[in-house]
There are 2 protein chains.
Amino acid sequence: MKNSKKAIIKIFKALSDETRLRIYLFLMQDKLCVCELINILNMEQSRISHNLRILKEAGLIVNQRDGKWIIYAINPEIESNKIIQTLKNELKLSKQDLEKLNKCKKENIRKKFKCN
Amino acid sequence: MKNSKKAIIKIFKALSDETRLRIYLFLMQDKLCVCELINILNMEQSRISHNLRILKEAGLIVNQRDGKWIIYAINPEIESNKIIQTLKNELKLSKQDLEKLNKCKKENIRKKFKCN
DNA sequence: TGATTATATGATAATATTTTCATATGTTAT
DNA sequence: ATAACATATGAAAATATTATCATATAATCA
């Protein structure tokens, strides 16, 4: 990816919202479907979906269908970007968020949680 | 500076606006007073001032009075921040903007330009 | 097939950001 | 001291972003 000013502004805009920054940090830890994010963040489904779209349109994440679920993950193409690498090294999920993520995965929320 | 989520969001928000990103890239090249920025960016004085304030409140820049002028510069304390260092390496002023900056300095705009 | 589940999306409402205008403040020059 | 200049700032207007609600789509399950 090239660091054009427009692309960078889109990335900054995408990451300058707390919800989206949290989602991005969660996805740096693990792939997640929308219902897992709903469960972890405790937010409305459409709010999560809209924010995921903004992250996707900034090129930060990708998605892929897996049966009923749509799995979101960090865009592998952007991981070679120096700015993104540095963000990854410098920014960390909060302890509480990390605990929520672990709980979600351990309890197999994807299969059990009813998301709407 | 510590990379708290709040501080980072403020930085991203500050840099996610084209005008402010340009100002920040200009200041990475050289210290500038408001009237030089007005001349280079060809924008209203109060617009420049408001945007400078947002950059300052994000901790990205500092200012200092010099007679009639107020000189803005990159906050030296933030230069040790890895994210900022990477931005500095990865992002560059456009060729046209660089030319404008050089012209401004060569023509000694600070002393000659009437800014309002 | 029809119901249920997971997710996306368009439209609207709520909220925040940005620009502009008018004016205030502080400095220098006369 | 007064005028001129450089800059800051509050308020209003213009614009953009975000959340919510209703509904659509696509897959799975019974």
Side-chain angles (χ1 to χ4, degrees), chain A residues 6 9-24 26-27 31-58 61-73 104 108-116, chain B residues 6 9-24 27 31-58 60-73 104 108-116:
Chain A
K6 281 216 170 169
I9 285 173
K10 237 178 172 182
I11 288 174
F12 286 156
K13 208 161 267 181
L15 295 177
S16 69
D17 172 273
E18 185 177 5
T19 301
R20 288 193 297 267
L21 182 59
R22 282 175 78 203
I23 291 175
Y24 192 68
F26 277 121
L27 293 178
K31 297 177 174 206
L32 291 164
C33 70
V34 180
C35 68
E36 288 172 317
L37 285 167
I38 293 168
N39 175 267
I40 292 171
L41 292 166
N42 192 29
M43 287 175 190
E44 272 211 20
Q45 178 264 316
S46 67
R47 181 174 171 186
I48 304 273
S49 284
H50 278 134
N51 279 312
L52 283 167
R53 185 133 93 100
I54 290 169
L55 287 166
K56 190 182 170 191
E57 282 176 354
I61 63 175
V62 293
N63 62 8
Q64 187 187 356
R65 187 174 275 277
D66 170 17
K68 281 196 290 191
W69 298 285
I70 294 184
I71 313 297
Y72 281 85
C104 166
N108 204 8
I109 288 298
R110 187 180 302 176
K111 298 285 164 59
K112 292 189 317 208
F113 184 67
K114 204 180 146 308
C115 86
N116 53 10
Chain B
K6 282 216 168 166
I9 285 172
K10 234 177 173 183
I11 288 173
F12 286 156
K13 208 160 267 179
L15 296 177
S16 70
D17 173 272
E18 186 177 5
T19 300
R20 287 193 298 266
L21 183 59
R22 281 174 80 204
I23 291 176
Y24 192 68
L27 293 179
K31 298 177 173 205
L32 291 164
C33 70
V34 180
C35 69
E36 286 171 319
L37 286 166
I38 293 169
N39 176 266
I40 292 171
L41 292 165
N42 192 28
M43 288 176 190
E44 271 212 19
Q45 178 264 316
S46 66
R47 181 174 172 187
I48 305 273
S49 285
H50 280 307
N51 279 312
L52 282 167
R53 185 134 93 101
I54 290 169
L55 287 165
K56 191 183 170 190
E57 282 177 354
L60 289 165
I61 63 175
V62 293
N63 62 8
Q64 187 187 356
R65 186 175 276 277
D66 171 16
K68 282 197 289 191
W69 298 286
I70 294 184
I71 314 297
Y72 282 84
C104 166
N108 203 8
I109 288 298
R110 188 180 301 177
K111 299 285 164 60
K112 293 191 316 209
F113 185 65
K114 203 180 147 309
C115 85
N116 54 10

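Quick note on labels: first sequence line is chain A, next is B, and so on, each numbered from 1. Model, not experiment: these values are computed from the prediction.
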Output yes when at least one side-chain N/O atom of A:K13 is less than 4.0 Å from OP1 or OP2 of D:dT17, else no.
yes
Measure CD/B:Q64 against P/D:dA8 and give the value in whole Å, please.
13 Å
Could you check whether the side chain of B:H50 and the base of C:dT17 have a donor-acceptor pair of N or O atoms closer than 3.5 Å, going by distance alone?
no
Using a cut-off of less than 4.0 Å, is there contact between a side-chain N or O of A:R65 and OP1 or OP2 of C:dA6?
no
Measuring to OP1 and OP2 of D:dA8, would you say a side-chain N or O of B:Y72 lies under 4.0 angstrom away?
yes
For B:I54, answer base if it contacts any base atom (sugar-phosphate contacts may also be present), sugar-phosphate if it contacts only those atoms, and nothing otherwise; contact means non-hydrogen atoms under 4.0 Å.
sugar-phosphate
Does A:N51 put a side-chain nitrogen or oxygen below 4.0 Å from OP1 or OP2 of D:dT17?
no
Does A:R110 reach the main-chain N or O of A:C104 with its side chain, forming a donor-acceptor pair under 3.5 Å?
no
Given C:dA8, C:dT19, D:dT18, the nucleotide with the shortest approach to the side chain of B:T19
C:dT19
Taking only the side-chain heavy atoms of B:S49 (C-beta and beyond), determine which of C:dT18, C:dA6, D:dA8 contains the nearest atom.
D:dA8
Length of the CG-P vector between B:D66 and C:dG26, whole Å:
18 Å
Main-chain N/O of A:K13 paired with A:S16 side-chain donor or acceptor, under 3.5 Å
yes
I want to verify a distance call: between C:dT9, D:dT18, D:dA19, whose nearest atom is closest to the A:R47 side chain?
D:dA19
Length of the line joining B:I71:CD1 and D:dA6:P, which is rounded to integer Å:
12 Å
Could you state the atom-to-atom distance from CD1 of A:I70 to P of C:dT9 in whole Å?
9 Å
Whole-Å distance separating the CH2 atom of B:W69 from the P atom of D:dA8:
14 Å
C:dA29 C1' sits how many Å from B:K114 NZ, rounded?
15 Å
For A:I54, does its backbone N or O pair with a side-chain atom of A:E57 as donor and acceptor, under 3.5 Å?
no
Taking atom CG as the centre, does A:N108 end up with more than 12 heavy-atom neighbours from other residues, nucleotides or ligands that are less than 6.0 angstrom away?
yes
In whole angstroms, how far is the C1' atom of D:dA6 from the CD1 atom of B:I38?
8 Å
Ignoring hydrogens and angles, are the base of C:dA6 and the side chain of A:Q45 linked by a donor-acceptor pair under 3.5 Å?
no
Phosphate OP1/OP2 of C:dT9 contacted by A:R53 side-chain N/O (<4.0 Å):
yes
With B:L32 as reference, evaluate B:I23, B:I71, B:I40 under the side-chain contact (heavy atoms from CB on, under 4.5 Å) test and give the passing residue.
B:I40
Nearest to the B:K68 side chain among D:dT20, C:dT19, C:dT28, which nucleotide is it?
C:dT28
Nearest whole angstrom, please: distance from the C1' of D:dC5 to the CZ of B:F113.
12 Å
